[in-house]
There are 2 protein chains.
Amino acid sequence: MHDHSAVHDHGACCGNATDALARAERLCADRDLQFTRLRRDVLEAVATESKPLGAYDIAERLSGQGRRVAAVSVYRALDFLTENGLVHRIASRNAFVSCGHQHGDGVGLVFLICRTCGSIDETTSPEVDDQLDKTLAKAGFKPSSRILEVEGECGACLGHEPSP
Amino acid sequence: MHDHSAVHDHGACCGNATDALARAERLCADRDLQFTRLRRDVLEAVATESKPLGAYDIAERLSGQGRRVAAVSVYRALDFLTENGLVHRIASRNAFVSCGHQHGDGVGLVFLICRTCGSIDETTSPEVDDQLDKTLAKAGFKPSSRILEVEGECGACLGHEPSP
DNA sequence: GATGCGATGTTACAGTGTATCAGCACCAGA
DNA sequence: TCTGGTGCTGATACACTGTAACATCGCATC
């Protein structure tokens with residue numbers, strides 16, 4: 001997989017929907033889990049959008065043409081997808097993005113949320129993880145999960161509108 | 001102020017309500033802001049509890065005996081308090097804690113949320129900040145705010161119930 | 001007194017998330 | 001084949017979180 005820490009074009013890169021769906025299918029087969037239509041559709045909706053989607057947005061997108069998907073169902077699908085690392089929840093936005101990486105379970109993710117274009121990029125940093133581990137150890141705290149979200153301006157938007 | 005990265009007793013330490021109120025009063029005087037009764041009461045409610053409080057919890061605590069505080073008012077007070085760094089919002093819980101530190105504006109905070117006792121501790125780590133800055137710079141991302149919350153078990157709970 | 005301003009009160013409503021029960025598909029075992 | 005269990009989905013209802021809009025009040029200033 002190519003370098004994710006560089007500025008790149010969302011949707012045209014590794015994080016697109018087809019790849020995400022293929023990975024999900026493989027993962028569910030491996031773990032003997034059901035990759036149902038609803039779960040597939042929810043993942044597809046999230047993966048085709050670089051912006052984070054709310055559960056109700058997803059429900060709306062999947063509804064229509066005689067099909068009605070209630071938010072409850074979307075939440076259940078999202079629970080499944082997040083438990084299996086296929087989708088991440090953005091706590092600061094109450095929204096969800098598809099996972100663009102194929103990373104181990106123990107890796108700490110960093111989400112970069114652009115205030116201008118609303119897109120979300122996902123990266124990892126072993127150095128940050130290390131320092132954080134040290135800090136937690138010093139505090140006598142045993143971590144089980146962490147949330148690291150940064151808001152600001154992404155490289156693309158900085159390029160388009162150079163700071164005044 | 002003493003070392004916050006060590007295990008310590010909440011409520012009996014520097015983070016207690018009296019200190020928080022005194023600091024708030026000073027800060028508002030300095031900045032020529034109004035430290036009204038509502039704002040004071042909201043801050044006091046949050047500061048007397050080491051667990052994060054929801055806005056509706058606060059509203060409930062402040063209501064009674066002929067006084068009714070609506071959640072809206074609490075939100076406005078919380079907006080004021082967070083803008084001035086007196087209270088922090090815990091994104092992963094949709095809840096608020098009073099700031100136990102007297103730190104500069106640009107410092108990145110780390111929140112340690114204990115799954116067992118529900119208490120929240122607050123620390124800083126220049127090393128994590130540095131590494132994170134490097135990671136962001138490498139990604140061409142210009143940060144304006146960050147959220148770093150860790151869930152796990154605090155030292156006190158680890159001591160009480162040694163891991164099986 | 002009149003005016004303007006910020007803070008609060010009040011109502012209404014939008015958005016987010018969960019509880020609960022019912023139906024349905026599918027599989028295993030009698 | 002029938003039957004019961006399990007897991008997924010549908011549907012309704014509801015609780016929690018947060019905001020919009022407007023009225024009111026107190027206070028400073030003119």
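Letters A, B, ... are given to chains in the order of the sequence lines, protein chains preceding strands, and every chain is numbered from 1.
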Value in whole Å for how far the P atom of D:dT12 lies from CZ of A:Arg76: 13 Å
Whole-Å distance separating the CG atom of B:Leu33 from the P atom of C:dG6: 12 Å
A:Glu151, CD: over 12 other non-hydrogen atoms inside 6.0 angstrom: yes
Length of the CZ-C1' vector between B:Phe35 and C:dA7, whole Å: 14 Å
Under-4.0 Å side-chain N/O to phosphate OP1/OP2 contact, A:Arg89 with C:dG17: yes
Selected nucleotide, minimal atom distance to A:Val72 side chain, candidates D:dG18, C:dT11, D:dA11: D:dA11
N/O (side chain, A:Ser73) to phosphate O (OP1/OP2, D:dG10) under 4.0 Å: yes
Under the salt bridge (charged side-chain N to carboxylate O under 4.0 Å, His left out) test, residues paired with B:Asp79 that sit two or more places apart: none
Nearest heavy atoms of A:Cys114 and A:Arg93, plus distance in Å: O-NH2, 4.5 Å
Salt-bridge present (B:Asp57, B:Lys51; N to O < 4.0 Å): no
Contact nearer the 5' end of DNA chain D, comparing B:Asn94 with A:Arg68: A:Arg68
A:Tyr75 OH - C:dG17 C1' separation (whole Å): 5 Å
Nucleotide C:dG15, atom P - distance to CZ of A:Arg93 in whole Å: 16 Å
Protein-nucleotide distance (A:Asn84, atom CG; D:dC8, atom P), rounded to Å: 11 Å
Along DNA chain C (nearest heavy atom to each residue), the more 5'-positioned of A:Ala95 and B:Ala77: B:Ala77
Gap between atoms CZ and P, on A:Arg39 and D:dG10 respectively (whole Å): 12 Å
5′-ward residue of the pair B:Arg37/B:Tyr56 relative to DNA chain C: B:Arg37
Nearest-Å distance for atom pair CG/P, residues B:Leu62 and C:dG9: 10 Å
For B:Leu43 against B:Leu86, the heavy-atom pair lying closest together: CD1-O, 4.0 Å
